[in-house]
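Numbers restart at 1 for each chain; the letters A, B, ... are given by sequence-line order, proteins then strands.
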Amino acid sequence: MTDLATINPAPTRREAGALSAGALIAPATLYVAAGLIVPLLILARYSLNRYDPRKMMVEATTLDNYVKFFSDPYYLGILATTLRVAALTTLACLLLGMPLAYMLARTQSRFKNVLVMLVVLPLFVSNAVRAAGWMTVLGNKGFLNAVLLKMGLIGTPVEIMYSEAAVLLGIVAVNLPYMVLTLQSVIEGVPRALEEAAFSLGAPPTTMFWRVLLPLVMPGVLAGAIFTFILAMNAYATPVLLGGPQFKMMGPLVFGQFQLNNWPFGAAIAFILMAATMTLTSAAHLAVHARRRR
Amino acid sequence: MTAFRPPSRRSILAGLAAAPALAMPHVARAQSKGRIVVGTWGGDYARLLTKNIEQPILIPQGWEIVQDQASDAPRRAKMFAEQRLPRGTSDLQGLSGSTMFQMNDAGLVLPVDYSKLKNAANLMPSMKYPYGVGHIYSGMVGVYHPKLMPTAPASYKEIFDPKHGSKMALIDIQYQYNLTCAALAAGGKAGDIELGKKLLVECKKAGMRIYATNEAFAQALKTEEFALGVMWRARVVQWQNAGIPVESFVPSEGALAYVSGFVIPKNAPNKDGAHAYLDAMLDKSAQEAFAVDMGYNPTVTNAVVAPDLNKRIGFTPDEVKKLVDLDYDYLNKNDAALKEWWDKEVK
């Protein structure tokens, strides 16, 4: 007689674990699928429609909206500005964030938690509120100009607001905590002994950084850079408030089209922004991995 | 101290009997005349609709009011999206003069039955659209900082003058009105947008500033970043009340009118309620309260505005006659193209 257990074997512990893990991740997966993928599919369909001021949107299957974007130097210029701001923001966050993250990771101070909280604190305030704060600092009669005028360093107020510099300043301030926290967690995973070994073999601090620390924390650098880059590419409140109407980035451009009820073109621009962001972050990811394999 | 006593069988049964009434609020509202869903901008306007129209007039009459607050673009999109439904989700939509026209042109709006509005007898003829009712209005006046402009300008032409360079400023979100003001400044009519475009490009080349929002414009005027521009008279009054040093004048070409009104979507579920709301909106007391609270002019002739307030917000009969409307038809057909032009050439 055939043993029942042979026909219907009981799930092994590993299989049972996989099943329960699947059950645990299913709600989040379904939530993401319903909340992100479905609207994206709808938006993708809209981007192929045609705009009509009397009907708002006419069903069609046309690439006109994409052609319009890529054939007009005005829109390509906005994409280029967005890419430049995102790249500069990422670089600035990396340069400013690395020393801070290193200090936070290696400090033995009993106030370490307080220091980490100080880095996290700005995230408690919304982007728009922080931008409003910058406006009071950078305005013609703002704090910075008032100080410079008082010190006699300038004769007339310097126009900082409504410029790319103001936007960069604002976005870097918003994104820096993300970079610092990402780098700090990765640096903490690198044993201090490895750095001491490099020093004991005669490596100066810069050599230790380039040859030992940086290669080991590269996954963190990549994660932080991708995080910062994506946030900067999609920035909305900061460019609008600190850049003014003349400074144009992709996020406000998408919103502007939806405000005009030109959903097809707005959807197309949203997809172009998403595609540019995904392509560049994937390329960076692949480039770093290829370098690590070598 | 009261000791806890388990509920009796009788009280449990009474509670169960009452539960469905709690779960179905419409039963409790059986005494009410019904629900009116009003699409409106949020902020002060929504608050004042409640304070001046809904609470004092409609709710005591037995109406239940629900506000659907959003800026006008998503509400218009909703009207488009719902056009095939036999029953829409709103009974009224608050829109500007040009967007009321747009919604009517798209065939989404029910003609107003003025016989149902007893207060319509007092409505200014210029605010009585077949497809909507003007609620409040103001005019686009010239504004200037008295310290920076010792000699007050008197016309759009004197404002839209490239000689001012960066002393002149406009507001980005008002591109339709800016284009029309420039057309009038260039000696044309409201529809001569091409004339306006040419003048705006000259002003831009001379250094004209553009601010993103009304608030940014006010802040910059306060800090003396620029000296003159154009703005709704009602908003100027609000700025003056906030201590911003700003003066205004009615331009000699005639002020460009801004009308805020309401339309009834064709598929409004409660058309009687919508008409009741429109009638209450035109009530003398509500119109007078809006003038005091918001600085916009009444659209009914029987509303009395205190002389000192009228001096600041109002227009003389001659100025009212000279009020200029946007070329709604032209703007409706060319809005997207005009915005694109504005973004590329002026911003």
Is a salt bridge present between B/Asp343 and A/Lys248, judged by a nitrogen-to-oxygen distance below 4.0 Å? no

Mind listing the closest non-hydrogen atom pair of B/Ser71 and A/Gln259 along with its distance? OG-OE1, 4.0 Å

Quick check on B/Phe80 against chain A: is it the side chain, the backbone, both or neither that has a heavy atom closer than 4.5 Å? side chain

Contact part of B/Glu340 toward chain A, heavy-atom cut-off under 4.5 Å: side chain, backbone, both or neither? side chain

Which answer fits B/Asp172, side chain, backbone, both or neither, if we ask what part of it has an atom under 4.5 Å from a heavy atom of chain A? side chain

Heavy atoms of other groups near B/Glu345 CD, more than 12 under 6.0 Å: yes

Interatomic distance, CZ@B/Arg76 vs CG@A/Leu260, rounded to 0.5 Å, equals 8.5 Å

Does atom NZ (A/Lys55) have a neighbourhood of more than 12 heavy atoms from anything else shown, all under 6.0 Å? no

Could you look at A/Phe265 and say if it's the side chain, the backbone, both or neither that has a heavy atom under 4.5 Å from chain B? neither

Grab the two heavy atoms, one from A/Met56 and one from B/Ala77, that are nearest each other, plus how far apart they are. SD-CA, 3.7 Å

Return the minimal non-hydrogen interatomic distance between A/Pro245 and B/Ala212, and the atom names on each side. CG-N, 3.3 Å

Please state whether the side chain, the backbone, both or neither of A/Glu159 comes within less than 4.5 Å of a heavy atom of chain B. side chain

Counting only heavy atoms not in A/Phe143, do more than 12 sit closer than 6.0 Å to its CZ atom? no

Hey, are the side chains of B/Glu225 and A/Pro157 touching, using non-hydrogen atoms and a 4.5 Å cut-off? no

Which bit of B/Thr213 comes within less than 4.5 Å of chain A, counting heavy atoms only: side chain, backbone, both or neither? neither

Side chain, backbone, both or neither: which part of A/Asp52 has an atom under 4.5 Å from a heavy atom of chain B? neither

Side chain, backbone, both or neither: which part of B/Lys339 has a heavy atom under 4.5 Å from chain A? side chain

Return yes if some donor-acceptor pair links the side-chain N/O of B/Lys333 with the main-chain N/O of A/Pro53 below 3.5 Å, else return no. no

Quick one: pull up CD1 in B/Ile210 and CD in A/Gln246 and give me the separation to the nearest 0.5 Å. 6.0 Å

Is it the side chain or the backbone of A/Tyr162 that comes within 4.5 Å of chain B heavy atoms, both, or neither? side chain

Taking everything shown except B/Trp342 itself, do over 12 heavy atoms lie less than 6.0 Å from its CH2? yes

NZ of B/Lys222: more than 12 outside heavy atoms within 6.0 angstrom? no

